[in-house]
Amino acid sequence: MSFEWYTEFVDLSYEPEENEIICVFRVEPDGISMEEAAGRVASESSVGTWTTLAKLPERIKRLMAKVFEIDGNVVKIAYPLDLFEEGSIPQLLSSVAGNVFGMKALKNLRLEDIEFPAEYCKHFSGPLLGIEGVRKLFGVYDRPLTATVPKPKVGFDADEYADIAYQGWSGGIDFIKDDENLTSQPFVRFEKRLEKVMKAREKAEKETGEKKVYLANVTAVGKEMLRRAKLVADYGNEYVMVDILTAGFSAVQMLREECEDLGLGIHAHRAMHAAFTRNPKHGISLDVLVKISRLAGVDNFHVGTGVGKMEGSKDMVKRLADICRREWYVKPVFPVSSGGLHPGLVPDIVQLFGKDVIIQAGGGVHGHPDGTHAGAKALRQAIDAVIKGISLDEHAKKHAELARALEKWGYTRPK
Ligand SMILES: O=C(COP(=O)(O)O)[C@H](O)[C@H](O)COP(=O)(O)O
Ligand SMILES: [Mg+2]
């Protein structure tokens, strides 16, 4: 049974206006034509419902999304800007990434890409720092930046955690990053951890003469998240971290507004993304996630490794890094490569990203045979070697910590 109403959303002769949002969907109909399926997606993601309606104000016509291209199972839909509230990622997602995924008439649906016009992007501030601003913060321009997540990811109390942080920072790490599920547990309350880690930071900065930054995970319920961000700024730290998907984009945008006033960069952790990005037939692509996160105003974004423990091909990782860094309406985002990395994989990562990348190694630092400090040194030694064009094996002859890391992990790519 089909409703003629849906095909009114299809016009393959239509030329999209300059100021329209264009969505690219991969559509798998279930027992209906591709044209009707595409029309249903356009209808449900703009103004329609399942049947023709008695009353249709003239304005509705203008607001209808239009399918303007069908190429196999790839469908392109143009959306008039008036469908969208200015500056709201939640409302954008409720429109083009909402009900459409649950329609019975489709076996699968994947939102592959979104092209945004300047007219839409101008309502977003984007990243506070941008890659240039992050490099200026550290005074480091000639190499990738480094991060480490104290591991095990949760379990240390504030003193133990601060000691690990000191070991990493004094060994040469730039960012110490809370893990995605470390927030404020009974044995390691946020305030206490912040206080102790900032003392460790001060000590490490004095000893190394290098700038150090803490990626404090402020993911929390509503106002508490803002309170924690304020506390971070009060301690003189220049960044916060947030789990963008479990917190939600309203929280991310609220945090971005707060961080504008506090002068804080935002590190975005994408935990939970694989619930909807991984299936090639159904869900939302990471391309879309990176773009909306860049608009929402994060400064660092995890894009994968291509060689580590998490899924994601080298081509995809490269593409995501490009979306982070390319010229756009808002500042560029520092791509973060993380997940199963260790010093032996640094050449692969630099080859994939160049130097504008933050290399995060958790297990690959704290699992070093001689502990965190040596692990941090080994990571920096691997980066120094690659930037100088020296093989790791060669460099390891005069750098014991790197040699010990290669003894343990070699060049293995974790599964
Ligand atoms: O804690 C880690 C990595 O730890 P380790 O370095 O010990 O593997 C991060 O949560 C993952 O990188 C997230 O995955 P992604 O970066 O793909 O979002
Ligand atoms: Mg983690």
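Read the numbers this way: they start at 1 and go in the same order the structure lists the ligands and their atoms.
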Under-4.0 Å salt bridge between [X] and [Y]:
X      : Y      : value
Lys196 : Glu191 : no
Lys212 : Glu202 : no
Asp393 : Lys397 : no
Glu210 : Arg380 : yes

Within-cut-off N or O pair, [X] and ligand 1, under 3.5 Å:
X      : value
His273 : no
Lys177 : no
Gly364 : no
Ala361 : no
Met310 : no

Can you pull out the closest protein heavy atom to [atom]? Residue, atom name and distance to 0.1 Å, please.
atom                    : result
atom 12 (O) of ligand 1 : Ser338 OG, 2.6 Å
atom 16 (O) of ligand 1 : His302 ND1, 2.7 Å
atom 17 (O) of ligand 1 : Arg270 NH2, 2.7 Å
atom 2 (C) of ligand 1  : Lys151 NZ, 3.7 Å
atom 6 (O) of ligand 1  : Gly362 N, 2.8 Å

Atoms in ligand 1 flagged as close to [X], the criterion being non-hydrogen separation under 4.0 Å:
X      : answer
Asp179 : 1 (O), 10 (O)
Gly363 : 5 (P), 6 (O), 7 (O)
Gly340 : 5 (P), 6 (O), 8 (O)

Do the side-chain N and O atoms of [X] and [Y] include a donor-acceptor pair separated by under 3.5 angstrom?
X      : Y      : answer
Gln167 : Thr372 : no
Asn237 : Arg201 : yes
Tyr166 : Glu207 : yes

Taking the Mg ion (ligand 2) as the apex, OE1 on Glu180 and OD1 on Asp179 give an angle, to 10°, of 70°

Checklist entry - When the ring centroid of His267 is compared with that of His302, is the distance short of 6.0 Å? => result yes

Residues pairing under ring pair (Phe, Tyr, Trp, His ring centres under 6.0 Å) where one sits in residues 195-239, two or more places apart or in two chains, turn out to be Phe175-Tyr239

One should read off an interatomic distance between Tyr79 OH and Ile114 CD1, to the nearest 0.5 angstrom, of 8.5 Å

Quiz item: Would you call Lys153 a ligand 1 contact, heavy-atom distance under 4.0 Å?
Solution: no

